[in-house]
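Here the structure is laid out as C-alpha cells; the discussion comes afterwards.
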4 protein chains.
Amino acid sequence: MKKNLIRKGSTAMPQNKTDIRKKKIIDTATKVFSQRGFKEATISEIAKKAKISEASIYEYFLTKEGLLFSIPVDASQMLFDTMTFHLKLIRGAANKLRAIVFLFIDSYQKNPDFAAVLMLYLKHNKNFLETEGHVAIKAGIKQITTVIDQGIETGEFKKGTNPYLIRSMILGTIEHLVTNWVMTGNPDNLEELVDPMIDVIIQGIENTGNDPVHWSLQRPVKREESSS
Amino acid sequence: MKKNLIRKGSTAMPQNKTDIRKKKIIDTATKVFSQRGFKEATISEIAKKAKISEASIYEYFLTKEGLLFSIPVDASQMLFDTMTFHLKLIRGAANKLRAIVFLFIDSYQKNPDFAAVLMLYLKHNKNFLETEGHVAIKAGIKQITTVIDQGIETGEFKKGTNPYLIRSMILGTIEHLVTNWVMTGNPDNLEELVDPMIDVIIQGIENTGNDPVHWSLQRPVKREESSS
Amino acid sequence: MKKNLIRKGSTAMPQNKTDIRKKKIIDTATKVFSQRGFKEATISEIAKKAKISEASIYEYFLTKEGLLFSIPVDASQMLFDTMTFHLKLIRGAANKLRAIVFLFIDSYQKNPDFAAVLMLYLKHNKNFLETEGHVAIKAGIKQITTVIDQGIETGEFKKGTNPYLIRSMILGTIEHLVTNWVMTGNPDNLEELVDPMIDVIIQGIENTGNDPVHWSLQRPVKREESSS
Amino acid sequence: MKKNLIRKGSTAMPQNKTDIRKKKIIDTATKVFSQRGFKEATISEIAKKAKISEASIYEYFLTKEGLLFSIPVDASQMLFDTMTFHLKLIRGAANKLRAIVFLFIDSYQKNPDFAAVLMLYLKHNKNFLETEGHVAIKAGIKQITTVIDQGIETGEFKKGTNPYLIRSMILGTIEHLVTNWVMTGNPDNLEELVDPMIDVIIQGIENTGNDPVHWSLQRPVKREESSS
DNA sequence: AATGAATGAGCGTTCATTCAT
DNA sequence: CATGAATGAACGCTCATTCAT
C-alpha cells in the first residue's frame, strides 16, 4: 500500500559520503522539526542548516513526511539492540521491566530533539503506522509484552495480569512524562521517576500468593473497612 | 500571556442564534479535524459542512487554531462539573480515583471525535498550553492530584507516594489507551480496562503497613541507594 | 472522466464584475500563451498583466491547463453561431463551403493570438479532446461534414465523395496555412487563398456527369499521354 | 543563426559504439516523447529506458530540446533520398505528386512514434525552424513545389495554379490526417486516402483546356479577378 | 568515454484571512 | 450579522543540467 519513503541505505554507521550526508540531513531535520514543529518547518530551512541543497534532500527522501518518518529508523534499531543485549544479563521479569523503562527514558533524555519528534509528530500520525520506522519501534515495544508474558509464566506476576494493559501503562506513563518534559523545555530529571514508577507497577502485578484486591468495589464486604 | 482566541460567549447551553451557530461550527470542526487531521482540514470544508460561510467562521473565531483550541472549552467544563458532582458522593481516595478515570474514559468513549481531536491535535500543541481550553482541562486533572494528596493525608496511600508520578501514570495510561483507540478506529471497549488499571495503581500505592519492596531479588538491600 | 476545469459561467457577453474579470483573464492568457508558449508562460505573468492576483485566477480556473482549455469556449461558440446564421442565407453546397472556410480564416485572421493558441497549443493536446472547448469546436467542424453530405445528396457533389477526406483537406489546409501564418509572424493575407483553395476542392468533387479520372496510374492507357 | 544542438555525427548507419549509443538514445526518446509528451517526458526516463546514464545523454545532445530536434534529422534525410530515387522513375507531375504523398504517408504509418513526435512536438515549435532537422524536412517539402512548378511548366497543370497553396493543401491534409491518426491511437489505414486525396487535388489543378469555374453560381464571370 | 551525485532555478497550487457590501 | 469575492504569502517538489571522478 505505502511506498517506501526513504531512498537510500541505513545511516546507523555512516561510512561513505552518501551515508554521512544522509545522516546530516536526518540530524538537522530532527533538530528543526523539534524546534519549529513539523508543519512549520520547511525543507528550505533544513537544507540551509544542513548546508545541503533542497534538491539533494529529495534525492535521499521522497517527501518531507518521508524524511520525518525516517528519523526513528536507526535510533530505534539501536535502542532495540541495546535493550536485547542488556536483557540477556538480567534475571527476573521485574528487573527486566525496570531495565527496559530505564533504557527508554535514558534514550529519550539523551536525545531531547529525537524524543520531541517522536512524541509530538510521530506517535500521533496515522501515516507513520505503516512505515519502517514504526516497525522498528514496535520491536522495542514487543520486548515489554514478552517480559510480562514471561513474568506471568514463571509465576513472578499474577496469573490474571493483562499484558496489554500493563504495557499500555508503562508506555503511556513514559510517553506522558517525556511529552511533558519536551513540551516544557526539559527541566526535570526523568530517570528519577523510573524506580518509583516500576515499583508501583510491580506491586500491582507481582504474585504475592494471596488475594491482593481487598479494597475493590466488587468485593464490598472487605471494602467498607479500607474505604474512608 | 493567555491569548483570547475565541470571540463570543459559551456554547454549553446555546440559547440564541449566535450560540447555536457557534456550536454548529465547533461540532462540525470537531468532526472534520478528527477525520481529516487539523492541518489537512480546511476552513472551507468546515464551512461547507456546517452550511455557514467561511467569513462567518471568522466572525466567531479569530483563527483556525483558535477554533481548534475552543473545542475542549465547554466539553471540559462539563466533564469537570460532572466529576465534582460525583466525587462528593464517593468515599475513599481509591474509589474516587476509580471514578475519575471512569468519567474520563467514559467521556472520551462517548465522543470519539472529541477524543481524537484532544489526543491527536491538542495534547501535543505547545500553543494550546496558554488557552482557556487548557485551563479547563487542567482543572479536571487537578482533581486527580487532589484526591491523591487526600489519600496520602488520610493514610490510605503510602506516605512516600509521588502524586505527580501517580497522576502521570493515570493520565498517561488513559492517553495511551484512548490514542490507540482513536487511531485504530475505536474497536475496543475501554471501560473494561478501568478497573484492572486502577487496581494496579492502588496496590502500588495503598498503605499496607509493611515494607513494599519485598519483591526485588537482585537488590534487596541496595535498592534505596540506586533508586534516586 | 474529466472534471470540469472551468469554474464560473460564460464570458461571451460579460455583464457582471465576475464575468468581466474572467474575460480579462482569458484575454490576457491568450496573449501570453500566444507570445511565450503555454509551458513557458507562467500564471504569475498572466496575473501581473491582467492586474489580478494569481490566487484569483485559480478562483476562476482550476488549473493552468484548465485556463488554456477555456480559451476557445466562447470564441468557438460565437463562430458557430455566426456560421449558422450565414449558412441560412446561402444556396449551394459549394458556396456554403466557401463561406465556412472564409469565416474560419476570417475569424483566425482577426484574432491572431487566439489562432496561435488554438493551432499551437490546443489542436495537438490530447487532454483537450475531452473538454467543453473542444465540443464547441467540433460543432463548427460538423458543419463542414453536413454541407458536404448535403452536396452529395443533392447531386451537386460526386456520389463517391468521401466527406471525411474532404473535411480533412479543408481543415488541414486551413490549419496548415494558419499555423504557418502565426509561426512566421502573420505576414500574409490569408483570405486571398480562400477562393483558390475552395476552387480546387470543388472541382475535385463537383458532379460533372462524366468520369473525371482519366489520368490515374490505375488506368494506364490514357495515362501515357498526359504524363511527362 | 542555425544553432547546432547535436554534438556528434550521423546515426543513419551507425557503425561505431558512439553512433549505436546515439541511435539508441534517439529511438528511445522518440518513443518516450511520443507516448508521454515532450514536456512530460524526462531525461531520466529516457536514460532509464535506453539503459544509458543521464549524463551520457548530455554527452551526445546539448539540451533536451536539442535531442528532440535531432529526431527527424536522419529519418527525413532517408525519406528525402527515397523520394528522390523514386521520382526519377516516374513520369508526370500528377503521378509524382501521388508518389510523394504516398511516401510521406507510408513513412509516417510505418513509424507512428516518429510521426507523433513530428506532428505534435516539432511542427509547431518555433525553435525547430532554425535547426538541421527542419532543413532536412524542408528539402522533402521542396520536392512538392518543384513537381508542381514542373507540372505548370509542362502544361499538365493550369497556368494560374498557386504552387504554395497546392503544396499547403497537400501538406495540410497529410498533417491533419496523420495528426488525427496519432492522437486517436492509429486506428485507420491512411494509405487508402492517398489516391482519393490526390484525385481531388489533381482535378482541381489539371489543365483541361476549358474554363474550370463552371460551377460557381454567384460569380460566374468575376471569378478570374477575385482569385489571386 | 561514461556516470553517479549534486543542485539551481523555478512554478503551480493552496488556504487562511480580509474586506466591501 | 452574514457572506461572496479577492488575495498575500508560502512551500513542496521537479528536473534539466553540471561536475568530479
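Both backbone and side-chain heavy atoms feed into the values below; hydrogens, waters and symmetry mates do not. The sequence lines fix the lettering, A, B, ..., with proteins before strands; numbering per chain opens at 1.
With DNA chain E read from its 5' end, the first of the two nearest nucleotides for S53(A) and K39(B) is the one closest to S53(A). Sequence order on DNA chain E of the closest nucleotides to T42(C) and A55(A) puts A55(A) first from the 5' end. A residue-by-residue look at S44(A) and K51(C) shows that K51(C) has its nearest nucleotide of DNA chain F further toward the 5' end. DNA chain F is contacted by both R21(C) and E40(A); R21(C) maps to the nucleotide lying nearer its 5′ end (nearest heavy atom per residue).
One can place CZ of F61(D) at 21 Å from P of dC15(F), the figure rounded to the nearest angstrom. Atom CD1 of I57(B) and atom C1' of dG4(F) are 14 Å apart (whole Å). One interatomic measurement links the two molecules: CD1 of I43(D) to C1' of dA2(E), which rounds to 16 Å at whole-angstrom precision. Taking atom CD on E65(B) and atom P on dC15(E), their separation rounds to 17 Å, with Å as the unit. For the pair K22(D) NZ and dA2(E) C1', the interatomic distance rounds to 17 Å; values are reported in whole Å. Protein atom CD1 of I20(B) is 11 Å distant from nucleotide atom P of dA2(F), rounded to whole Å. Per the geometry, NZ belonging to K64(B) stands 16 Å off C1' belonging to dA9(F), to the nearest Å. For the pair F38(D) CZ and dC15(F) C1', the interatomic distance rounds to 12 Å; values are reported in whole Å.
In this entry dT21(E) has dA2(F) as its Watson-Crick or G-U wobble partner, both defining distances falling under 3.5 Å. Across all strands shown, dA16(F) forms a Watson-Crick or G-U wobble pair, both distances under 3.5 Å, with dT7(E). Base pairing of dA1(E) is not made with any nucleotide, judged by Watson-Crick or G-U wobble geometry with both donor-acceptor distances under 3.5 Å.
A side-chain donor-acceptor contact under 3.5 Å links H134(B) to the backbone of L129(B). Checked by atom type and distance alone, the side chain of K49(B) never pairs as donor or acceptor with a backbone atom of S44(B) at under 3.5 Å.
In the set dA16(F), dT3(E), dC13(F), dC13(F) carries the atom at the smallest distance from any side-chain atom of T63(A). Considering only the side chain of I52(D), dT3(E) comes nearest among dT3(F), dT3(E), dA16(E). Comparing dA5(F), dA6(E), dG12(F) by their nearest atom to the side chain of E59(A) picks out dA6(E).
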Verify salt bridge (charged side-chain N to carboxylate O under 4.0 Å, His left out) between E40(B) and K39(A), making sure each step is shown before the conclusion.
CA-CA 11 Å; E40(B) 290 68 30; K39(A) 288 284 181 180; 3.1 Å; yes

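Residue Y60(D) places at least one side-chain N or O closer than 4.0 Å to OP1 or OP2 of dA2(E).
Salt-bridge check for K23(C) with D27(C): passed, with a basic side-chain N closer than 4.0 Å to an acidic carboxylate O.
Residue-level contact check: A41(A) touches the backbone only, with heavy atoms under 4.0 Å from sugar-phosphate atoms and none from bases.
On a pure distance criterion of 3.5 Å, a polar donor-acceptor pair joins the side chain of E54(A) and the base of dC13(F).
Taking every heavy atom of both residues into account, A136(B) and V73(B) meet most closely at CB-O, 4.1 Å.
Side-chain contact, D113(D) with Q35(D): no donor N or O sits under 3.5 Å from an acceptor N or O.
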